[in-house]
Amino acid sequence: MIELKSTTEIDALREAGRIAARTLHAVRAHARPGTPLRELDELARTTITDAGARPVFDGYHPRWAANPFPAAISTSVNDALVGGIPDRTRLTDGDLISIGCAVRLHGWVGDAATTFPVGTATPADADLVATAERALAEGIAAARPGARTGDIARAIGVLARSAGYGIPTHLTGHGVGRAMREAPPVPNDGHPGTGAPLRPGLVLSIEPMLLAGGADSTSTDDDGWTTRTTDGSRAAHVGHSIAITTRGPVILTAP
């Protein structure tokens, strides 16, 4: 069931979203060659809890997962797209890392993601990240009352496909509220005029996911969480939680 949020509830979601945004900013500022992924997770956990919130990922156990997720954030490096578990692996110069973060504050969830290069960025990685961020901006711009989730999907998909990138169609954005994943799903490729209608009060996590090799296929590691490109190419995952309002989309995961 799709739930529409009141103005007061959207304000509460915005407060949770700000903590998620600040956490991603802190992690990005700390990430450099030689930094262990586990250290980024510890920083994220401290940032979240010091703000009076808690990490939603820690202990998250959907039906399809064999084990709960064991960390505060996901840290997906190079060919990993989502679900990377922070461990003792140290970042190296030229790595590309995607961080996913969701926090709960007073029962409401803020969900966001970012991808950035560590140290020296290659031109190919810079283009991949820039395209993912443009796709996110296009998807948000399409999230207006009277449109549908398919219009968001089309805006993201046209830009990503025209640049030659693949899109894992089984991974989508989604509604956000008291749960991290609510109805409706928000695909990253699709047809305009299809999907759930966008009405004021609807809160969505819009999450472009781009695969540099151009194929759409992914695989999952034995840990049951880390999702990688099957061709070994690099991946980018960016996202914001947004609210549909009568004035248009409002980003809730801004610092």
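All of these numbers come straight from a predicted model, not from anything done at the bench.
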### Message
For a 4.5 angstrom cut-off between non-hydrogen side-chain atoms, does Arg181 reach Val109?
### Response
no
### Query
Looking at side-chain heavy atoms only, is the closest gap between Leu202 and Pro197 below 4.5 Å?
no
### Transitive ILVMFWY side-chain link Ile251 to Leu136, under 4.5 Å
yes
### Query
Within a radius of less than 6.0 Å around CZ of Arg247, do more than 12 heavy atoms belonging to other residues, nucleotides or ligands occur?
no
## Note on the structure
The single option from Leu211, Thr229, Asp125 that satisfies side chain to side chain contact (heavy atoms under 4.5 Å, CB included) with Arg234 is Asp125
### Message
Other residues, nucleotides and ligands only: do more than 12 of their heavy atoms fall within 6.0 Å of CZ on Arg178?
### Response
yes
## Note on the structure
CE (Met209) and CD1 (Ile167) are apart, to the nearest 0.5 Å, by 11.0 Å
Result block: side-chain N/O donor-acceptor pairs under 3.5 angstrom for residues 142-149, not counting sequence neighbours:
{"unit_1": "Arg144", "atom_1": "NE", "unit_2": "Ala141", "atom_2": "O", "d": "3.3"}
{"unit_1": "Arg148", "atom_1": "NH1", "unit_2": "Gly195", "atom_2": "O", "d": "2.6"}
{"unit_1": "Thr149", "atom_1": "OG1", "unit_2": "Ala196", "atom_2": "N", "d": "3.0"}

### Task
Find the distance between OG1 (Thr194) and CZ (Arg154) and round it off to the nearest 0.5 Å.
10.5 Å
### Query
Are the side chain of Asn188 and the backbone of Glu207 linked by a donor-acceptor contact shorter than 3.5 Å?
yes
#### Entry: Within one Ile-Leu-Val-Met-Phe-Trp-Tyr cluster: Leu24 and Ile73, side-chain cutoff 4.5 Å
yes
### Query
How far apart are the closest heavy atoms of Ala53 and Val103, and which atoms are they?
CB-CB, 4.4 Å
### Query
Can a donor-acceptor pair be found between the side chains of His170 and Thr218 at a distance below 3.5 Å?
yes
### Query
Quick one: does Glu182's side chain have a donor or acceptor within less than 3.5 Å of a partner on Ala179's backbone?
yes
### Task
Look at the side-chain heavy atoms of Ile, Leu, Val, Met, Phe, Trp and Tyr, link any pair under 4.5 Å apart, and say whether Ile242 and Leu252 land in one connected group.
no
#### Entry: Interatomic spacing from CZ in Arg228 to OG1 in Thr220 - rounded to 0.5 Å
10.0 Å
### Summary
For Ala254 and Ala21 the tightest heavy-atom approach is C-CB, 3.7 Å
### Message
Contact between Glu9 and Trp108 at the side-chain level, heavy atoms closer than 4.5 Å - yes or no?
### Response
yes
### Query
Between the side chain of Asp221 and the main-chain N/O of Asp223, is any donor-acceptor distance below 3.5 Å?
no
### Message
Side chains of Ser205 and His174, heavy atoms from C-beta outward: is any pair under 4.5 Å?
### Response
yes
### Task
For Asp79 and Gly232, work out which heavy atoms get closest and say how close.
CB-O, 3.7 Å
### Message
Is any side-chain heavy atom of Thr47 closer than 4.5 Å to one of Val27?
### Response
no
## Note on the structure
Between Cys101 and Asp111, the two heavy atoms sitting closest are O-OD1, 3.4 Å
### Query
Are side-chain heavy atoms of Leu91 and Leu40 found at a separation under 4.5 Å?
yes
### Message
On a heavy-atom basis, which atom in Pro184 and which in Leu204 lie closest, and how many Å separate them?
### Response
CD-CD2, 3.8 Å
## Note on the structure
One should read off an interatomic distance between Thr115 OG1 and Arg28 CZ, to the nearest 0.5 angstrom, of 9.0 Å
### Query
Can you tell me if Thr253 uses its side chain to pair, donor with acceptor, with the backbone of Ser241 under 3.5 Å?
yes
### Message
With a 4.0 Å cut-off on N to O distance, would you call Asp216 and Arg161 a salt bridge?
### Response
yes
### Message
With heavy-atom distances below 4.5 Å as the criterion, would you say the side chains of Leu198 and Ile152 are in contact?
### Response
yes
### Message
Nearest 0.5 angstrom please: Thr75 OG1 to Arg38 CZ, how far?
### Response
10.0 Å
### Message
So which atom in Arg32 and which in His30 form the shortest heavy-atom distance, rounded to 0.1 Å?
### Response
NH1-O, 3.1 Å
### Query
Between the side chain of Asp93 and the main-chain N/O of Thr120, is any donor-acceptor distance below 3.5 Å?
yes
### Query
Taking Ser76 for the side chain and Gly84 for the main chain, is one N or O donor matched with an acceptor at less than 3.5 Å?
yes
### Message
When you compare the side chain of Val158 with that of Glu138, does any pair of heavy atoms fall below 4.5 Å?
### Response
no
Exercise answer: donor-acceptor pairs, residues 56-67 side-chain atoms, under 3.5 Å, sequence neighbours excluded:
{"unit_1": "Asp58", "atom_1": "OD2", "unit_2": "Arg45", "atom_2": "NH1", "d": "2.9"}
{"unit_1": "Asp58", "atom_1": "OD2", "unit_2": "Arg45", "atom_2": "NH2", "d": "3.4"}
{"unit_1": "His61", "atom_1": "NE2", "unit_2": "Ala65", "atom_2": "O", "d": "2.8"}

### Message
Looking at Asp50, I'd like to know if its CG atom is crowded, meaning that more than 12 non-hydrogen atoms belonging to other residues, nucleotides or ligands lie closer than 6.0 Å.
### Response
yes
#### Entry: Within 6.0 angstrom of His191 NE2, more than 12 heavy atoms from elsewhere
no
### Task
Could you tell me whether the side chain of Asn78 and the main chain of Leu96 form a donor-acceptor pair under 3.5 Å?
yes
### Task
Evaluate the side chain to side chain contact (heavy atoms under 4.5 Å, CB included) criterion for residues Ile156 and Ile206: first the C-alpha distance (whole Å), next the side-chain angles of each, then the deciding distance (0.1 Å), finally the verdict.
CA-CA 10 Å; Ile156 293 170; Ile206 299 178; 3.8 Å; yes
## Note on the structure
OG1 of Thr35 to CZ of Arg90, rounded to nearest 0.5 Å, is 8.0 Å
### Message
Starting from Leu81, can I reach Leu128 by hopping between I/L/V/M/F/W/Y residues whose side chains sit under 4.5 Å apart?
### Response
no
### ILVMFWY cluster, Phe116 and Val82 together (side-chain gap under 4.5 Å)
no
### Query
Does the Asp41 side chain pair with the main chain of Ala72, one donor and one acceptor, at a distance under 3.5 Å?
yes
